[in-house]
Amino acid sequence: MTDLLAVPESRAFPLRRLLQPLLAARHVTLHTHVQADGDGTGSQAAVAAWLEGRGIRVSVVNPTPFPDSLRFVLHRQDLVADLGTPEADAALDDADLHLVLDTSEPGRIGGLAQRLDPARTLVVDHHPAGREVVGEVAVQDPSAAATGEMVYDLITLAGDPVPRASALGAYVALVSDTGSFRYGNTTPRVLAVAAELMTLGIDPEVVYRRLFATAPRRRLELLREALATLDSDEDGRIGWMVVPHEVAARLGATGEDFDGLSEHVRSVEGTEVALLFRETKPGETKISLRSNGAADVNAIAREFGGGGHVKAAGALVHEPAETLVPRVVEAVARALRG
Ligand SMILES: [Mn+2]
């Protein structure tokens, strides 16, 4: 069997270039996109434990609060300072290097976009490159299943053993972005990396329980409300659910409560594109788009000012769901007609 753990050369070359400034830094701040997910935070945790082991100071500064449900992935809670706090300002001022993980787009990092000097900012991301990139040294590789896979590569290219805390972060990243090793991005290499991480002490069942098997009651109530709105176009190729702002507000639902909701829509037989419309506030709607392969939802999301991957994308639109839903459904129908 070929060495599945070997880093593909097309990825190794740019990652080695990024290693030079990274390992020469004194204090690195780590960043990910708004509404951090398991890949963004897992990648941050993996890099944090690794760089600290090398004697480099690390801070985690995200544009929106670090999700409580993902705190377990960090080896130290005091690494985190939310943007806008004095601690975050101090870390950003003191750092000589910034590393943005799991996005490269200024529009995805909220208020951080104004705080990061591109000349001192590196990017590691697995999304297709957008128009603007936040850092001057950016490694963007859509062939990676997760940013966490690239972080694993970065550590091994440095010639370092993968610390156990880094293994946990990388594993959480892989589980999150592959839908627990079920989506099409689950390559033989992903499973080989996951196997390697297991040998470093990761217990898949423990991670599963922390990520999925416990949820606040409001999350199931949100699912019940969302399922009540389940709808589809005439031939059932496009399905969607809508969560109005008043529902989310009544339940006290946070961003992470919505993770995976669109999978319920996608699971309906015959569905080719699944949509979730979530009003984040009155007059503002977040669209999540999931494709079973027939349509490029990244292209559709870009029509509405967003982006993402071919099979999973999103957009934030300043418009109530009521008028937005028919416009997006029509755009998807057009894409499916090809
Ligand atoms: Mn990701």
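First listed ligand is number 1; within each ligand, the first listed atom is number 1. Treat the numbers as computed from the prediction; the structure is a model and nothing was measured.
Here CD of Q44 is found 4.0 Å from CG of N62. Values are rounded to the nearest 0.5 Å.
Using modelled atom types and a 3.5 Å distance limit, the side chains of T103 and H127 yield no donor-acceptor pair.
The existence of a salt bridge linking E149 and R11 is confirmed by a sub-4.0 Å separation between a basic side-chain nitrogen and an acidic carboxylate oxygen. Ion pairing between E105 and R302 holds under the 4.0 Å rule for side-chain N and carboxylate O. A salt bridge links E9 and R16; the closest N-O separation between the charged side-chain nitrogens and carboxylate oxygens is under 4.0 Å.
The Mn ion (ligand 1) has D39 OD2, D102 OD1, H126 NE2, D177 OD2 as protein N, O or S atoms under 2.8 Å away.
Looking only at distances, no side-chain donor or acceptor of T285 sits under 3.5 Å from a matching main-chain atom of V317.
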